[in-house]
2 protein chains.
Amino acid sequence: MILIVDDEPHVRRLLAAILSRGGYDVAEACDARSAMPLVARAEAVLLDLGLPDRDGMELLSDIRRVSAAPVLVVSAREAAAEKVAALDLGADDYVTKPFDGDELLARLRAALRRRGAEPARAVTAGDVVIDTERRSVTKAGAEVHLTRKEYGLLAMLAAHPGRIVTHAQLLTVIWGPAHVADIAYLRVAARALRVKLEDDPARPVLIRNEPGIGYRLVV
Amino acid sequence: MILIVDDEPHVRRLLAAILSRGGYDVAEACDARSAMPLVARAEAVLLDLGLPDRDGMELLSDIRRVSAAPVLVVSAREAAAEKVAALDLGADDYVTKPFDGDELLARLRAALRRRGAEPARAVTAGDVVIDTERRSVTKAGAEVHLTRKEYGLLAMLAAHPGRIVTHAQLLTVIWGPAHVADIAYLRVAARALRVKLEDDPARPVLIRNEPGIGYRLVV
DNA sequence: CACCCGCGTAAAAATGTCGTAAAGTTCATT
DNA sequence: AATGAACTTTACGACATTTTTACGCGGGTG
């Protein structure tokens, strides 16, 4: 949820329209008093400095005290001193009116990306852990060395845990579009993976075959 | 150290003056080729998009690939589409010329503040300590002398401890984009590092090779 | 029942990558 | 001009990986 703090209704409407076009949920506040209760739940704040009940700078440092969410100041004041003050008080960006909607969204995305930045997650299948961020695979805690093709295959399967990945998908991505038909490659690589990861390679539990379609990693 | 990338000498001088007034160390580069080797050591980058040898956007994404340091784009182009593109490629801010020195400094401070004041001073791997702040490397307490390329390689690996750094990343940053294919350089430098840092250079523990991909520093 | 298909398995052949040494080159310093 | 350090370039053997080929099994089909 993105919080808009501005006293002019038409600016709020404009900002709200831009944000919802960008796919965000929006909350609005017209002054400092009504804004503070919403700050805690906001993923980011768009803040106008010219508020009726309170100086915007004070509100900014109050927000910073409560929340680490990005704050983008949206203001009509262009003076560099204003910008410097706001930025040093903890604002993440300072946009002057009139502003471009797409630019505002891009600046918001940039601010959120910096805060968030946690896309990497490890996939677990049985006692096997696949960490695509570090490109490491462990079985029962012990690191397992995989070749490029082996890892490529496992990573593709881990990208869609529990779902079938077709022969064609695997081959085009790992071996390139020219080898869509070389299913033999796939079988050799799958075998190598099973030997390294399965307790009983002859009776695979993790890397299952779906006859005529592809493979799947069970989780 | 803050890196300035701009082809116009007078702009570089201006930026350098502003930065040193703000108390920062400065390094300058006039094109993409000379910039890449400096990126690894930069705490932040001021980047002009209009470079002679390469599209600024490309350089931006290359920088993002090897470094998490803040990038502030400083450009004469005011089009919103430019800003959106740069911000979505990983730029932290976009400042249009002509710019105000104090505002630029404030934006730089904001960007550096967000990056979490201090990003890992010294990296330890076994009995080897890499202090990128002082550019010093010690093994079992004793200082080890490294050449520029050796240190560059080690610093790149230490910037992402435990993770694989690809051949291409290492080569573009240390030797420049023109040598992405000269993997032989890499092997020679890796060998030299191993001789100086590993207990048994023939059986490396610290500087591991990931066949066909790159190298990694184990911690 | 004999056949075919897709699969797993094995192993040989081809290719690619790495480590290593050493010779040649550049460059700053003296 | 001589020196030495750092860097570039080349060559080759050892080893790892990938590709290619061959064969046996088992389940469904005619």
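Since this is a predicted model, take the numbers as computed values, not measurements. Chain letters run A, B, ... following the sequence lines, proteins first and then strands; every chain starts at 1.
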Just how far, in rounded Å, is P of D/dT19 from CG of A/Leu153? 13 Å
Could you state the atom-to-atom distance from CD of B/Glu198 to C1' of C/dG19 in whole Å? 13 Å
Carboxylate-amine/guanidinium proximity below 4.0 Å for B/Arg109 and B/Asp102: no
Does B/His145 reach a base, just sugar-phosphate, or nothing at all? Heavy atoms under 4.0 Å. sugar-phosphate
Any side-chain N or O of B/Trp175 under 4.0 Å from OP1/OP2 of D/dT8? yes
Could you check how far CG of B/Asp182 sits from P of D/dA11, rounded to whole Å? 15 Å
Tell me whether the OP1 or OP2 atom of D/dC7 has a side-chain N or O from B/Arg148 closer than 4.0 Å. yes
Taking only side-chain nitrogens and oxygens of B/His179, does any of them come within less than 4.0 Å of OP1 or OP2 of D/dC7? no
So, OP1 or OP2 of C/dT9: does either fall under 4.0 Å of a side-chain N or O from A/Arg191? yes
Rounded to the Å, how far apart are B/Leu186 CG and C/dT17 P? 13 Å
Quick one: do B/Lys139 and B/Asp127 make a salt bridge, cutoff under 4.0 Å? yes
OP1 or OP2 of C/dG19 sitting under 4.0 Å from any side-chain N/O of B/Arg187? no
Calculate the interatomic distance between A/Lys149 atom NZ and C/dG16 atom P; express it in whole Å. 11 Å
Closer than 4.0 angstrom, basic N to acidic O: yes or no for B/Arg77 and B/Asp48? no
Which nucleotide sits closest to the side chain of A/Arg194: C/dG19, C/dG8, C/dC7? C/dG8
Checking A/Arg107 against B/Tyr94: charged group under 6.0 Å from the ring centre and within 45 degrees of the axis? no
Is it the case that atom CZ in B/Arg135 sees more than 12 heavy atoms from other parts of the structure closer than 6.0 Å? yes
Counting just side-chain N and O atoms, does B/Thr147 come under 4.0 Å of either OP1 or OP2 of D/dA5? no
Hey, is the main chain of A/Tyr185 close enough, under 3.5 Å, to the side chain of A/Asp182 for a donor-acceptor pair? no
Considering only heavy atoms, which members of residues 200-219 of chain B lie under 4.0 Å from some atom of DNA chain D? none
Sorted by position of nearest nucleotide on DNA chain D, 5' first, the leading residue of B/Leu146 and A/Val188 is B/Leu146
Tell me every residue that passes salt bridge (Lys or Arg N to Asp or Glu O under 4.0 Å) with B/Asp7, counting only those two or more places apart in sequence or in another chain. none
Separation of C/dG8 atom C1' from A/Lys196 atom NZ, nearest Å, is 18 Å
Grab the CD1-C1' distance between B/Ile183 and D/dT10 for me, whole Å please. 16 Å
Give the rounded distance in Å between these two atoms: CG of B/Leu193 and C1' of D/dA6. 14 Å
